**Q** 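Have a look at the structure that comes next, please.
Keep in mind that what you see is a predicted model, and the values were worked out from it rather than measured. Within every chain, numbering begins at 1; the chains are lettered A, B, ... in the order of the sequence lines, protein sequences first and strands thereafter.
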Number of protein chains: 2
Amino acid sequence: MNDGEAPDLRTRHKQATREAIGAAALRLAIEQGPNGLALVRVNDIAAAAGVSPRTYNNYFSSREEAICAFQADRARRLGAALRSRPAEEPLDQAITAAVVGHFTTPEPDRAGLRMIMSTPELEGEALKAFTMAEGPLAEAIAERTGTDPARDLFPQVTAAAVAGAVRVAGRCWLSPGNTDPFAAVLRRALAHVLPATRSDGPHEPPRETQG
Amino acid sequence: MNDGEAPDLRTRHKQATREAIGAAALRLAIEQGPNGLALVRVNDIAAAAGVSPRTYNNYFSSREEAICAFQADRARRLGAALRSRPAEEPLDQAITAAVVGHFTTPEPDRAGLRMIMSTPELEGEALKAFTMAEGPLAEAIAERTGTDPARDLFPQVTAAAVAGAVRVAGRCWLSPGNTDPFAAVLRRALAHVLPATRSDGPHEPPRETQG
DNA sequence: CCCACAATTTGCGCACCACGCATCAAATGC
DNA sequence: GCATTTGATGCGTGGTGCGCAAATTGTGGG
């Protein structure tokens, strides 16, 4: 489950610093709103995180990267989440369970997500984060289905489709008037792409309705 | 087919300038290789395009944006390409034909695509471009299927899945040892996500092999 | 407990870049 | 032809990313 137990004191402190900078950056970005991203200066982020500006730049090479660090780190672990599902579980159920569990514990911060999704530059960075997750996810899918990723596009394409569904679900969850929990929206979105992962029967595309 | 005929002389010159800058930027980036993106200075791009550095910055606000402008402009028209397909065509066939026709006329430049896909910063920009295409594409899908995008996630999710498939197909096409034309790879990739768009029969996930 | 070694933080400086502003030239409309 | 609109250019400024070297702090051996 956890790989590499003994966290060196140095490593722990490094991780804490990274998270502190990321959290400070996200908080300041939220304060300024989607149109005031340029007003979030590096000095402010560093000061809010209690480090020097140079140290900030030692961890991140752009404000966007710092602000989206939390999302990026989370996305990076998606492949491991799928691997932790029981091997007997059908692929679509395993993916759904892994994704839902991975992106709803804890329930994501609405303000932070909205900030990221409604700011073009940040959305680009979040996109990069999701794409980084596709590689490990595709590997996990290939391993689970016994597919050779070098000869079959199925794992990569499925991983990309899943990542896209998660992204769309995020947008939908944030849309005004939506009352469903994130998990429900995620399931609905995934249901549209996961039927392609089964070859054992017909699929009735779910035509759900949303408030 | 073409909306807004009379291209104003000014507009034409503007478009030409934009394309010149984009082409120059891409050419210089290819010359420097994936690891030398930082060596592509704004001054060089402007000089190669025959404009002043200030003018360059009037069209693009980052080197990455300029380098990927061609891809971005192409991706932006994907929705229109789908709309131009006959309405009787089934959705999956229409999408396949639209995507294949749109991304293979002309056959994309291998060097440029490889440069973009193998440079993290450029890949991020290309990602943004693909995502920009998802909106119009989802609209076209919704229109074709008579679906309300505000109540059903199907158009957006499908658009995202298609965009992801195109991206994966691009990577595969560029992978060393691949000999298939881009159109073939695109069809294989799309075949993995488009079965979800049909509810009229069973789908045998194509287990193709690739060299 | 003390010391040598390694890793991290920090300050400084430089090159570069995005962008606002004012100006100039060219195209457009009358 | 002339007034106006629109894009191109030059200049100045604030801000950023990063290389470099010194100071600070954690780590392991005697």
**Q** With sequence neighbours left out, what residues match A:Glu64 under salt bridge (charged side-chain N to carboxylate O under 4.0 Å, His left out)?
**A** none
**Q** What integer distance in Å separates B:Glu121:CD from C:dC17:C1'?
**A** 14 Å
**Q** Which of the following nucleotides, D:dT27, C:dT28, D:dG7, is nearest to the side chain of A:Asp8?
**A**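 When the side chain of A:Asp8 is considered, D:dT27 is the closest of D:dT27, C:dT28, D:dG7.
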**Q** How many Å lie between NZ on A:Lys14 and P on C:dA6, as a whole number?
**A** 17 Å
**Q** Are more than 12 heavy atoms, taken from residues, nucleotides or ligands other than B:Arg77, located less than 6.0 Å from that residue's CZ atom?
**A**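 Count not over threshold, so no.
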**Q** Please determine whether any donor N or O and acceptor N or O are separated by less than 3.5 Å between the side chain of B:Arg10 and the base of D:dT5.
**A**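 Answer is yes: a donor-acceptor pair is held.
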**Q** With a 4.0 Å cut-off on N to O distance, would you call B:Arg144 and B:Glu89 a salt bridge?
**A** no
**Q** Here's one to test your reading of the geometry: is the NZ or CZ of A:Arg114 within 45 degrees of the ring axis of A:Trp173 and under 6.0 Å from its centre?
**A**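 No - A:Arg114 does not lie over the ring of A:Trp173 by the 6.0 Å and 45° rule.
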**Q** State, to the nearest 10°, the angle formed by the axis through the first five base pairs of the helix from C:dC1-D:dG30 to C:dC30-D:dG1 and the axis through its last five.
**A** 30°
**Q** Kindly check if the number of other-residue, nucleotide or ligand heavy atoms within 6.0 Å of CE (B:Met132) is above 12?
**A**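 Atom CE in B:Met132 is not packed in, count stays at 12 or less.
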**Q** Please report the distance, rounded to the nearest Å, between CG in B:Asp44 and C1' in C:dC16.
**A**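 The distance from CG of B:Asp44 to C1' of C:dC16 comes to 12 Å, rounded to the nearest Å.
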**Q** Can you tell me which nucleotide in D:dT16, C:dC17, D:dA8 comes closest to the side chain of B:Arg41?
**A**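 Nucleotide nearest to B:Arg41's side chain: C:dC17.
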**Q** Send over the distance from B:His13 NE2 to C:dA26 C1', rounded to a whole Å.
**A**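 Rounding to the nearest Å, NE2 of B:His13 and C1' of C:dA26 are 10 Å apart.
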**Q** Taking atom C1' of D:dC11 as reference, at what distance in whole Å does atom CG of B:Asn43 sit?
**A**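 Atom CG in B:Asn43 sits about 14 Å away from atom C1' in D:dC11.
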**Q** Could you list by number each residue of residues 45-65 of chain B showing a heavy-atom separation from DNA chain C of less than 4.0 Å, or answer none if no residue does?
**A**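 Per residue number, the list reads B:Arg54, B:Tyr56, B:Asn57, B:Ser61, B:Ser62, B:Arg63.
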**Q** Between B:Arg41 and B:Asp44, does any side-chain N to carboxylate O distance fall below 4.0 Å?
**A** no
**Q** Determine whether B:Thr119 and B:Glu123 satisfy the following criterion, side-chain hydrogen bond (donor to acceptor under 3.5 Å, both in side chains), listing intermediate values before the conclusion.
**A** CA-CA 6 Å; B:Thr119 306; B:Glu123 198 185 0; over 6 Å; no
**Q** How close do A:Tyr56 and A:Ser62 get, counting heavy atoms only, and between which atoms?
**A**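 Looking at all heavy atoms of both residues, the closest pair is OH-C, 3.2 Å.
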**Q** Could you check whether B:Thr11 and B:Gln15, counting side-chain N and O atoms only, form a donor-acceptor pair closer than 3.5 Å?
**A** no
